[in-house]
Novice: 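Have a look at the structure that comes next, please.
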Amino acid sequence: MTESFADEYPEAAPYIQKAVDEHGEDWVLENYYEQLYPLGQMMAMPEKEELPFYDADEHETMTEEERVEMYQAWAEYRENLRTGTKPGE
């Protein structure tokens with residue numbers, strides 16, 4: 001991680017670095033919104049495009065609309081687990 005990135009996101013940078021060390025940069029980029037970005041509930045998390053190893057020419061990212069749709073689906077899933085119901089019941 002670059003020093004400026006770690007300075008800007010002092011809480012998130014160690015988690016991101018650990019994920020890179022364990023799984024590699026490609027895994028982090030591929031799973032960022034599912035595995036790391038939810039930490040934003042507890043700390044400031046960068047957008048995927050702000051990661052030091054993100055390259056707009058090589059990688060894709062989710063639009064804001066796609067992220068909202070993903071979080072709504074997760075909320076529905078958690079609610080179904082909590083209530084013991086199936087989708088649509």
Novice: Would a hydrophobic clustering, with Ile, Leu, Val, Met, Phe, Trp and Tyr connected at side-chain separations under 4.5 Å, put Tyr33 with Tyr77?
Specialist: no

Novice: With sequence neighbours excluded, tell me which residues meet ring-ring contact (aromatic ring centres under 6.0 Å, His included) with Tyr71.
Specialist: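 In terms of ring-ring contact (aromatic ring centres under 6.0 Å, His included), with neighbours along the sequence ignored, Tyr71 is linked to Trp74.
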
Novice: Taking OH in Tyr15 as the centre, count heavy atoms belonging to other residues, nucleotides or ligands within less than 6.0 Å. Is the count above 12?
Specialist: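 Not more than 12 within 6.0 Å, no.
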
Novice: Which residue pairs pass the salt bridge (Lys or Arg N to Asp or Glu O under 4.0 Å) test when at least one of the two sits in residues 25-41, sequence neighbours left out?
Specialist: none

Novice: Can a donor-acceptor pair be found, under 3.5 Å and without considering hydrogens, that links the side chain of Lys48 to the backbone of Tyr32?
Specialist: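 Absent.
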
Novice: Of all residues at least two apart in sequence or in a different chain, which pass the side-chain hydrogen bond (donor to acceptor under 3.5 Å, both in side chains) check with Asp21?
Specialist: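 Result, side-chain hydrogen bond (donor to acceptor under 3.5 Å, both in side chains) vs Asp21: Gln17.
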
Novice: What are the two closest non-hydrogen atoms of Val28 and Leu51, and how far apart are they?
Specialist: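 Where Val28 meets Leu51 most closely, the heavy atoms are CG1-CD1, 4.4 Å.
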
Novice: Under 4.5 Å between side-chain heavy atoms, hopping through other hydrophobics if needed: is there a path connecting Trp27 to Phe53?
Specialist: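 Per the 4.5 Å side-chain linkage, Trp27 and Phe53 are co-clustered.
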
Novice: Using atom types as modelled and distance alone, determine if a side-chain donor or acceptor of His59 lies under 3.5 Å from a backbone N or O of Asp55.
Specialist: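 Checked: pair present.
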
Novice: When you look at CD of Glu69, are more than 12 heavy atoms from neighbouring residues, nucleotides or ligands closer to it than 6.0 Å?
Specialist: no

Novice: Per the side chain to side chain contact (heavy atoms under 4.5 Å, CB included) rule, which among Glu66, Glu64, Met70 passes with Val68?
Specialist: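 Of the listed residues Glu66, Glu64, Met70, the side chain to side chain contact (heavy atoms under 4.5 Å, CB included) partner of Val68 is Glu64.
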
Novice: Taking side-chain hydrogen bond (donor to acceptor under 3.5 Å, both in side chains) as the test, write out the residues that go with Arg78, two or more places apart.
Specialist: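 Here no residue qualifies.
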
Novice: Asn80: which residues meet the side-chain hydrogen bond (donor to acceptor under 3.5 Å, both in side chains) condition with it, sequence neighbours left out?
Specialist: Thr85

Novice: Which side-chain N or O atoms in residues 35-45 pair as donor and acceptor under 3.5 Å with protein atoms at least two apart or in another chain?
Specialist:
unit_1 : atom_1 : unit_2 : atom_2 : d
Tyr37  : OH     : Glu47  : OE2    : 2.7

Novice: For the residue pair Ala12 and Pro46, what are the closest heavy atoms and their distance?
Specialist: CB-CD, 4.2 Å

